[in-house]
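Accompanying notes for the structure given below.
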Amino acid sequence: MAYAPTRPSPEDRQKVFQSTRVVTPAGVHPAAVVVRGGRIARVAAWGDIPHGAQLVDFGDAVLLPGLVDSHVHINDAVSGPDGLSRSDWEGFSTATRAAAAGGVTTLVDMPLNCVPETLSAAALAAKRAAAAGKTYVDWMSWGGAVGNNGLDGNEDELAGLIEAGVPGFKGFLVHSGIDGFLWVDEAQLRKTLAVLAGRGVPLLAHAEVAGPVERATSLLGSADWRSYTTYLASRPDEAELEAIALLIRLAGEFDVPIHIVHVATAEALPLLRRARAAGLQITAETCPQYLHFAAEEIPDGATEYKCAPPIRRAANREALWQGLFDGVLDFVATDHSPCPPAMKNRGEGRFDRSWGGIASLGLALPVVWTGLHARGGGLSPLADWLSAEPARLAGISRQKGALTPECDADIVVFDPEVVWTVTADDLHFRHKLSPYLGARLQGRVLRTYLRGETIFSCEEGFGSGAAGRELRRDA
Ligand SMILES: [Zn+2]
């Protein structure tokens, strides 16, 4: 039988993405990223272009790994048995387009406020049906861990959810705002952690407890709820500190990685620092809104700034930045949590009668870069905070999070010098109500590649189709 050489398929044709500023785990340097079959084959020296490869030269534009946003509320799924649906709050199509435009190539969806909440393998299947054919970037979904005082705990569903592919679980230590997603008390946390022990998947915790919130709120009496100061006073630092202290205590008892989502109080940093020094499996994120805004600057009635825990004061903001620089805070995730504009109740402007959640998907890179650059930082932390570390939390470090061989060729082309003002046209999520409208930001995404193919270009818009896939944790 004659030997017939196989012709290389178009998929095998090598592409090379070249720039004088490529951000890899080794730093920022001139390089040529060689891509084959949608994955990074190698990172070569600048000018080292394989024969026959298709060269894309970006000059001095920065090449970063595609961002991984591990905290997003997409709010999509089929409707529940009573016909309830929150798909009009956001949705897979709009959320993943906003992500693509912001250089985010992987999203991890929260187990609420979708309907049904992602509390069982069947609910995950419903979410997958809602996502089918609609995702412009890759995605995964966290499972939910719920129940308190013996009410509707889902500890029996957790193993099934892991089997079905969730990379970890999210639980609230305080009312979530969604009646279908019960908060967990210490007893339920213990049941949850006992099931998760030794399985290698993290528990993500909304770390506020109710006691300090209720006490502080009862002291406010007839305070003016149009004032941001009133809202801030209703959610004191102690609510976060008590919750984090409990989680640290439990991390010492159970073999489960515990991740604190959206740390807003810098007073928690010494606790976290000590816990990590003691070798506990504790990680933590903060969010762009806590790094960019300050309570003193929030106008009365501006409910688009409401989120929980709340944006705190300027001195706290500076301490959070220091926490990131020191590595006590591991990374930045958006907690993009939109709702229909009417629920923000902007007309009345009362913070107690407004949905809590900030819409920011797609803005994390310029927002974080604006603050980082202003504080004398370089480009490398962007890759760690917005890509590598969240990828590690989601268990996908071998697929995502760095410009290194074997990872998917998810690449963001970023202009770090341009300064621009955010308008509604720049927001690609469903409802264009965001505290970032009018913000002056430094740095802009020029182009986003998913597995070596363009999914967004600032000049041409979005790529030809919804090329996103659901990911599974690294084997
Ligand atoms: Zn959230």
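Index from 1, following the sequence. Order of appearance sets the numbers: ligands from 1, and atoms from 1 within every ligand.
- Distances from the Zn ion (ligand 1) show that His73 has an N/O/S atom below 2.8 Å.
- Under the 4.5 Å side-chain criterion, counting only non-hydrogen atoms from C-beta, Cys339 is in contact with Lys344.
- Between the Zn ion (ligand 1) and the N, O or S atoms of Asp335, the shortest distance is to OD1.
- Taking the ring axis of Tyr290 as reference, the NZ or CZ atom of Arg317 does not stay both within 45° of it and closer than 6.0 Å to the ring centre.
- Checked by atom type, the side-chain pair Asn345/Glu348 shows a donor-acceptor distance below 3.5 Å.
- Between His259 and Phe331, the ring-plane angle classifies as parallel under the 30° and 60° cut-offs.
- At a cut-off of 2.8 Å, His262 is not counted among the residues with an N, O or S atom near the Zn ion (ligand 1).
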